[in-house]
Amino acid sequence: MKSLEQWFKKNFKKIPLEIRKQILTEQLEAVSSELYEQYWPYLEAKFKEMGNEVSRVFIDKANTLIGVLSLTEKNDNLLMWSHYACSHKGFCIGFDTNSSFFNRKRSDVDEFYHLRKVSYSKTRPTKLVSQLDGVELFLIKSEAWKYEQEWRMCAVLEDSQETISATPFPIHLFKFPNSAVKEIILGACIENDVKENILSVVRKKYPKIAIKQAKISTEEFDLEFIEL
C-alpha cells in the first residue's frame, strides 16, 4: 500500500488541472486505494498466469534456437552411466576442458561457446523471464540433479554442421577438434560388435588418446577402469 501512495503522489500532478479541480486529492486517493484492494488479488493472479504462459512460450522458442552441451565432472557415477549410456551399454567421451574449443567466450556478457558450472537450488528463480540473466536461464537446476555435477556450454543451433530429423526436436551436430578428446571409456555392459566398431574408429582418428573399459566393482557400488 505504501508503494501505491508513493506512486499516487508522484503521478497525481501529471493529471490536467481542470480534471484535478473536479475532485479532492484525498477522495481520489481513497477511491484508488479501494479499487486497488478490491481488484489487485484478481489482477495479480492473472499476471502470474500470463507469466507462466510467457515462460512456456519462451522455453519452446529457446528449444528451437539454443542448444546445450551437457558434461559431467564424474566419469564413474553409476546413475549417469545408467541414465545416459544405455545402462552401461554405451560409452563415455572424456574431454580436455582446457581446449580452446571450450573457451570461446567473445565478450564479458557472452552466453555461448564457453563452459560454465551448473548451480543447484531448492527454489526456482522468481524474476520475470525478461529479467533473468544467462545464469538463471541456463545454469540453475533443481537440487534433485546435484549428483550430475554438470557443466554446460550453450550454442546457437544455426551454427551446427549437421541436423538429423528427430522427435520431439531435431538433433544438431557440432564438430569439435580431435585435440579436445583425451579418453574414451567403454561401458561395462557394452556389446562386442559395438565395442569393436568404436575401437576401430577411435584407433584410426584418435591414436594418441587413452581407451578404457569400465568394470562394475564386485566389492563396492563403484566402477573400475581397465586400460585397453
Side-chain angles (χ1 to χ4, degrees), residues 63 65-106 110-118 134 138-139 141 145-228:
N63 283 332
L65 300 174
I66 300 170
V68 178
L69 172 64
S70 297
L71 304 176
T72 178
E73 296 178 8
K74 298 284 288 182
N75 62 8
D76 60 355
N77 188 295
L78 292 171
L79 284 175
M80 296 291 283
W81 276 95
S82 179
H83 293 165
Y84 301 111
C86 194
S87 295
H88 297 264
K89 293 181 181 179
F91 65 98
C92 170
I93 302 176
F95 287 105
D96 178 5
T97 55
N98 291 318
S99 168
S100 58
F101 176 77
F102 297 108
N103 298 278
R104 292 176 288 161
K105 188 175 183 178
R106 297 161 294 187
D110 193 1
E111 303 292 350
F112 299 96
Y113 303 112
H114 59 100
L115 276 179
R116 290 178 291 177
K117 189 176 179 64
V118 170
F138 303 114
L139 300 175
K141 294 177 68 173
W145 300 101
K146 195 171 184 178
Y147 73 91
E148 292 185 337
Q149 298 184 45
E150 184 181 357
W151 286 69
R152 287 181 167 184
M153 184 170 76
C154 297
V156 179
L157 293 180
E158 284 189 352
D159 292 345
S160 62
Q161 280 73 46
E162 183 179 350
T163 303
I164 301 173
S165 296
T167 303
F169 302 106
I171 298 172
H172 295 264
L173 301 180
F174 290 76
K175 290 183 178 180
F176 53 83
N178 289 13
S179 58
V181 181
K182 65 179 183 181
E183 67 177 5
I184 297 290
I185 304 175
L186 304 176
C189 301
I190 194 168
E191 296 176 354
N192 285 332
D193 58 337
V194 177
K195 176 178 178 178
E196 292 305 317
N197 285 336
I198 292 174
L199 290 176
S200 175
V201 172
V202 170
R203 286 171 175 161
K204 180 179 180 180
K205 293 191 174 183
Y206 304 91
K208 297 181 180 180
I209 69 171
I211 305 175
K212 302 175 183 178
Q213 173 83 58
K215 178 183 177 182
I216 298 175
S217 173
T218 57
E219 298 179 357
E220 300 178 351
F221 292 109
D222 202 357
L223 286 177
E224 300 170 354
F225 299 122
I226 303 170
E227 293 273 358
L228 297 181

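The structure presented is a predicted model; accordingly, all values stated were derived computationally and were not measured.
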Q: Mind listing the closest non-hydrogen atom pair of Lys205 and Asn178 along with its distance?
A: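 Where Lys205 meets Asn178 most closely, the heavy atoms are O-ND2, 3.0 Å.
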Q: Heavy-atom count check: over 12 atoms from other residues, nucleotides or ligands less than 6.0 Å from Lys215 NZ?
A: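 Counting other residues, nucleotides and ligands, NZ of Lys215 stays at 12 neighbours or fewer.
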Q: Would you check, one step at a time, whether the test salt bridge (charged side-chain N to carboxylate O under 4.0 Å, His left out) holds for Glu111 with Arg116?
A: CA-CA 9 Å; Glu111 303 292 350; Arg116 290 178 291 177; 2.6 Å; yes
Q: Would you call Lys74 and Gln149 a side-chain contact if the rule is heavy atoms closer than 4.5 Å?
A: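 When only atoms from C-beta onward are counted, Gln149 and Lys74 do touch, with a gap below 4.5 Å.
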Q: How about NZ on Lys146, more than 12 heavy atoms from neighbouring residues, nucleotides or ligands closer than 6.0 Å, or not?
A: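 12 or below, so no.
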Q: Any side-chain heavy-atom pair from Val202 and Lys204 closer than 4.5 angstrom?
A: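 Not touching, per the 4.5 Å side-chain cut-off.
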Q: Does Glu150 form a side chain to side chain donor-acceptor pair (under 3.5 Å) with Thr72? I'd like the steps, not just the answer.
A: CA-CA 5 Å; Glu150 184 181 357; Thr72 178; over 6 Å; no
Q: Are the side chains of Leu157 and Leu65 in contact, using a 4.5 Å heavy-atom criterion?
A: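 No, side chains not in contact.
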Q: Distance check, rounded to the nearest 0.5 Å: Asn98 atom CG versus Asp96 atom CG?
A: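 Output value for this atom pair is 5.0 Å.
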Q: Just jot down the side-chain contact (heavy atoms from CB on, under 4.5 Å) partners of Ala85, sequence neighbours excluded, or say none.
A: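 In terms of side-chain contact (heavy atoms from CB on, under 4.5 Å), with neighbours along the sequence ignored, Ala85 is linked to Trp81.
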Q: To the nearest 0.5 Å, what is the distance between CD1 (Ile226) and CD1 (Ile211)?
A: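 Between atom CD1 of Ile226 and atom CD1 of Ile211 there are 14.0 Å.
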Q: Would you call Lys195 and Phe91 a side-chain contact if the rule is heavy atoms closer than 4.5 Å?
A: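 Lys195 vs Phe91: side chains apart.
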Q: With a 6.0 Å cut-off (strictly less than), is the heavy-atom count around NZ of Lys89, excluding the residue itself, greater than 12?
A: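 No, not enclosed.
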Q: For the residue pair Cys154 and Ile66, what are the closest heavy atoms and their distance?
A: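 Minimum heavy-atom separation between Cys154 and Ile66: CB-CG2, 4.4 Å.
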Q: Apply side chain to side chain donor-acceptor pair (under 3.5 Å) to Glu148 and Tyr84, showing your working.
A: CA-CA 11 Å; Glu148 292 185 337; Tyr84 301 111; 2.6 Å; yes
Q: Count the heavy atoms belonging to other residues, nucleotides or ligands that lie under 6.0 Å from CG of Asp193, then report whether that count exceeds 12.
A: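 Check passes, neighbour count above 12.
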Q: Assess Arg104 against Phe101: is NZ or CZ under 6.0 Å from the centre of the six-membered ring, and within 45 degrees of the ring's axis?
A: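 Cation-pi check for Arg104 and Phe101: passes.
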Q: Minimum heavy-atom separation for His88 and Leu223, please, with both atom names.
A: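 The answer is CE1-CD2, 4.1 Å.
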Q: Between Leu115 and Asn103, is there a side-chain heavy-atom distance shorter than 4.5 Å?
A: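 No, too far: nothing below the 4.5 Å cut-off.
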Q: Calculate, to the nearest 0.5 Å, the distance between atoms CD1 and CD1 belonging to Ile209 and Ile93 respectively.
A: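 So the gap between those two atoms works out to 8.5 Å.
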Q: Contact between Leu186 and Leu228 at the side-chain level, heavy atoms closer than 4.5 Å - yes or no?
A: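 When only atoms from C-beta onward are counted, Leu228 and Leu186 do touch, with a gap below 4.5 Å.
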Q: Quick check: do Glu162 and Ile164 have side-chain heavy atoms less than 4.5 Å from each other?
A: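 Sidechains of Ile164 and Glu162: in contact.
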Q: Would you mind telling me which of Phe176, Trp151, Tyr206 makes a ring-ring contact (aromatic ring centres under 6.0 Å, His included) with Phe95?
A: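 Answer after filtering Phe176, Trp151, Tyr206: Phe176.
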Q: Roughly how far apart are Leu78 CG and His83 NE2, rounded to 0.5 Å?
A: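 Going from the CG atom of Leu78 to the NE2 atom of His83 covers 10.5 Å.
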Q: Below 4.5 Å, heavy atoms only, C-beta onward: do Ser87 and Ser82 meet side chain to side chain?
A: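 Yes, their side chains come closer than 4.5 Å.
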Q: So which heavy atom on Glu183 is nearest to which on Asn75, and how close?
A: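 Heavy atoms of Glu183 and Asn75 come nearest at OE2-ND2, 3.7 Å.
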Q: Is there a side chain to side chain contact (heavy atoms under 4.5 Å, CB included) between Leu173 and Thr163 once you walk through the steps?
A: CA-CA 6 Å; Leu173 301 180; Thr163 303; over 6 Å; no
Q: Between CD1 of Ile185 and SG of Cys92, what distance do you get to the nearest 0.5 Å?
A: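 Reported to 0.5 Å precision, the distance equals 4.5 Å.
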Q: Shortest non-hydrogen contact from Ile190 to Gln213?
A: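 Looking at all heavy atoms of both residues, the shortest contact is CG2-NE2, 3.9 Å.
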Q: Go through the steps for Phe112 and Lys105 under the test side chain to side chain contact (heavy atoms under 4.5 Å, CB included), then give the verdict.
A: CA-CA 7 Å; Phe112 299 96; Lys105 188 175 183 178; over 6 Å; no
Q: Might you point out which heavy atoms bring Lys212 and Glu227 nearest each other, and give the distance in Å?
A: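 Closest approach of Lys212 to Glu227, heavy atoms only: CE-OE2, 3.6 Å.
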Q: Under the criterion side chain to side chain contact (heavy atoms under 4.5 Å, CB included), I'd like the reasoning laid out for Arg152 against Val118: C-alpha separation, chi angles, the key distance, then a yes or no.
A: CA-CA 7 Å; Arg152 287 181 167 184; Val118 170; 3.7 Å; yes
Q: Give a yes or no answer on whether the side chain of Gln161 reaches the backbone of Asp159 with a donor-acceptor pair at less than 3.5 Å.
A: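 It does hold such a pair.
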Q: Taking the ring of Tyr113 and the ring of Phe102, is the distance between their centroids below 6.0 Å?
A: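 Judged by ring-centre distance (under 6.0 Å), Phe102 and Tyr113 do not meet the cut-off.
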